[in-house]
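Throughout, a chain's letter reflects where its sequence line sits, starting with A, and its residues are numbered from 1. Nothing here was measured: the structure is a model prediction, and the numbers come from that model.
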Amino acid sequence: MVPQWWSTTGERITKQFNVIVLTNSFKKLCHIDDLKDGTALGFDPLAKGQDTLFVVRQGPVLRSYKNDCPHWPGSPMAWRKNAYLTSDGAHIACHGHGARFDIESGLCISGPCDGQSLQSLELKVDESGYLYVRLEHLSGKTDI
Amino acid sequence: MNIIGPDALVFGVENVKDCEQYLIDYGLDSVGDGRFEALDGTSIVVLPKDDASLPPALPTGNMLRKTIYGVADQNTLDAIAGELGTDREVKVLDDGSLVANDDLGFTLGFQITVRKAIDLPAETVNAPGAAPQRPVNVAAADPDAAPKPRSLSHVVYFVPDVAKGEAFYTQRLGFRCTDRFTNAGPFLRPAGTQDHHTLFMIQTPPFLQGCEHFTFHMGGPSEVMQAGTRFVEKGYESFWGPGRHIFGSNWFWYFNSPFGCHVEYDADMDIHDDEWTAREALSSEDTSQIFLFQHRDKWFPSGGPPPAKE
């Protein structure tokens, strides 16, 4: 059963939506149980050979952003697979030049892109607890 | 002044275990006391950021705490102490090495170099029109090869005043500018090496001052590719490359790291002497590389029917 607080990142969805939209516009990433509290997971849903997005969970907050630092568009942020957070888990970090971001808003709070934001991606959670990301948001000129 | 190049970079880090594992997976050998060595004895030193032996951090909090240069002999050390002692404190440590700040606030060390002579073949190439570099019946491609970094190649700094930095290294320590990116900074070569650069500086806002990347020389472009592929397969995040630079001609592959900077593999850098005239260009996609590849998972095409779907 999906806890109520997952709705902070996307409304609970109907079976009809599940069939029509999720299969066409969204890509399944993982089950929410795969994403432990205080961690992040990177995904490569378009098979680019490098993770193009990550999902982070912090308490009730579940967010997805492009793996693309606004300091220098095209720059991947982790230093190792799934290593997107600061060592205390309090912020998202770009391990290129040390930018730190608020997990909930994606806003850069320190570093070379102070005041800019990560590109947020739309997430959905289906009735079985599977996580989907809207694919169209993944394309763009800073595509990695 | 017969400065050869960086012997060691000393970092004060938040997560020592992550940094140590990173350097081992990169290919350096742990020799104790936080030191991770390449084949010629040049090294990265990893210490906890609050270790009492570390020089103070830059105001930016960058994790690089000290750049230690290897020099040819005691006469060179004496010359450096004399030169820098005219306008700043030069400490002599128990091991005889010197410590002083540059004009930008980076802590420098100088020691008689620890570099060991290494005797290893470079990557060999067979090409029509040239004598074979590999004997007959010797195969080059070895999927089990584990190429190791040979020597600390160069360090790159983000600096708030590139002109001030260049003046210090050229006028006080005898470095020469080999090439220059007009809108970034100079590639600098000390007198004791012919390598295109051991130091490159990039102009940035003051809050970014620190180490942008460091790199070790590999045995050739294939080793850059093979070591980089091994690093990706271990889960590390490719940042830029593989590709080949134009200034310096070195092959490159950069990775993100837990050191707050990038870490590179490089190979086959140009060598220069004092007859060389520095080139200058605006840094851009076109001037920084001849070509750029991007890693993808292993894949192969074949004939016959399409493979069965999973």
Check: B:Leu104 and B:Gln209 side chains under 4.5 Å, non-hydrogen atoms: yes

Geometric class of the B:His154/B:His213 ring pair [parallel <30°, tilted 30-60°, perpendicular >60°]: perpendicular

According to side-chain hydrogen bond (donor to acceptor under 3.5 Å, both in side chains), who are the partners of A:Lys81, at least two apart in sequence or on a separate chain? A:Asp51

Electrostatic pair B:Arg65-B:Asp51, nearest N-O below 4.0 angstrom: no

Would you say the side chains of A:Ser110 and A:Arg100 form a donor-acceptor pair under 3.5 Å? no

According to the side-chain hydrogen bond (donor to acceptor under 3.5 Å, both in side chains) rule, which pairs have a member within residues 89-99 of chain A, sequence neighbours left out? A:His71-A:His97, A:His97-B:Glu212

Output the residues of residues 224-234 of chain B for which the shortest heavy-atom distance to chain A is under 4.5 Å, in residue-number order; output 'none' if no such residue exists. none

So for B:Asn62, is it side chain, backbone, both, or neither that comes closer than 4.5 Å to the heavy atoms of chain A? neither

May I ask you to list the residues in residues 237-244 of chain B that approach chain A closer than 4.5 angstrom, counting heavy atoms only, ordered by number? B:Glu237, B:Ser238, B:Phe239

Please check if any side-chain donor atom of A:Ser87 sits under 3.5 Å from a side-chain acceptor atom of B:Asn15, or the reverse. no

Check whether NZ of the Lys or CZ of the Arg A:Lys28 lies under 6.0 Å from the centre of the six-membered ring of A:Tyr130 and within 45 degrees of that ring's axis. yes

Side chains of B:Cys261 and B:Leu64, heavy atoms from C-beta outward: is any pair under 4.5 Å? no

Ring centroid separation B:Tyr236 to B:Tyr22 under 6.0 Å: yes

Relative to chain A, which segment of B:Phe158 carries a heavy atom at a distance below 4.5 Å: side chain, backbone, both, or neither? side chain

Based on non-hydrogen pairs under 4.5 Å, which of B:Gly260, B:Pro205, B:Cys211, B:Pro258 is most in contact with chain A? B:Pro258

Decide whether B:His217 and B:Asp266 meet the rule of one side-chain donor and one side-chain acceptor closer than 3.5 Å. yes

Ranking A:Cys94, A:Ala78, A:Gly49 by heavy-atom pairs under 4.5 Å to chain B gives rank one to A:Ala78

Which residue out of A:Gly98, A:Gly42, A:Gly96 racks up the most heavy-atom pairs below 4.5 Å with chain B? A:Gly96

Please determine if B:Lys164 and B:Glu166 form a salt bridge, counting it only when a charged side-chain N lies under 4.0 Å from a carboxylate O. no

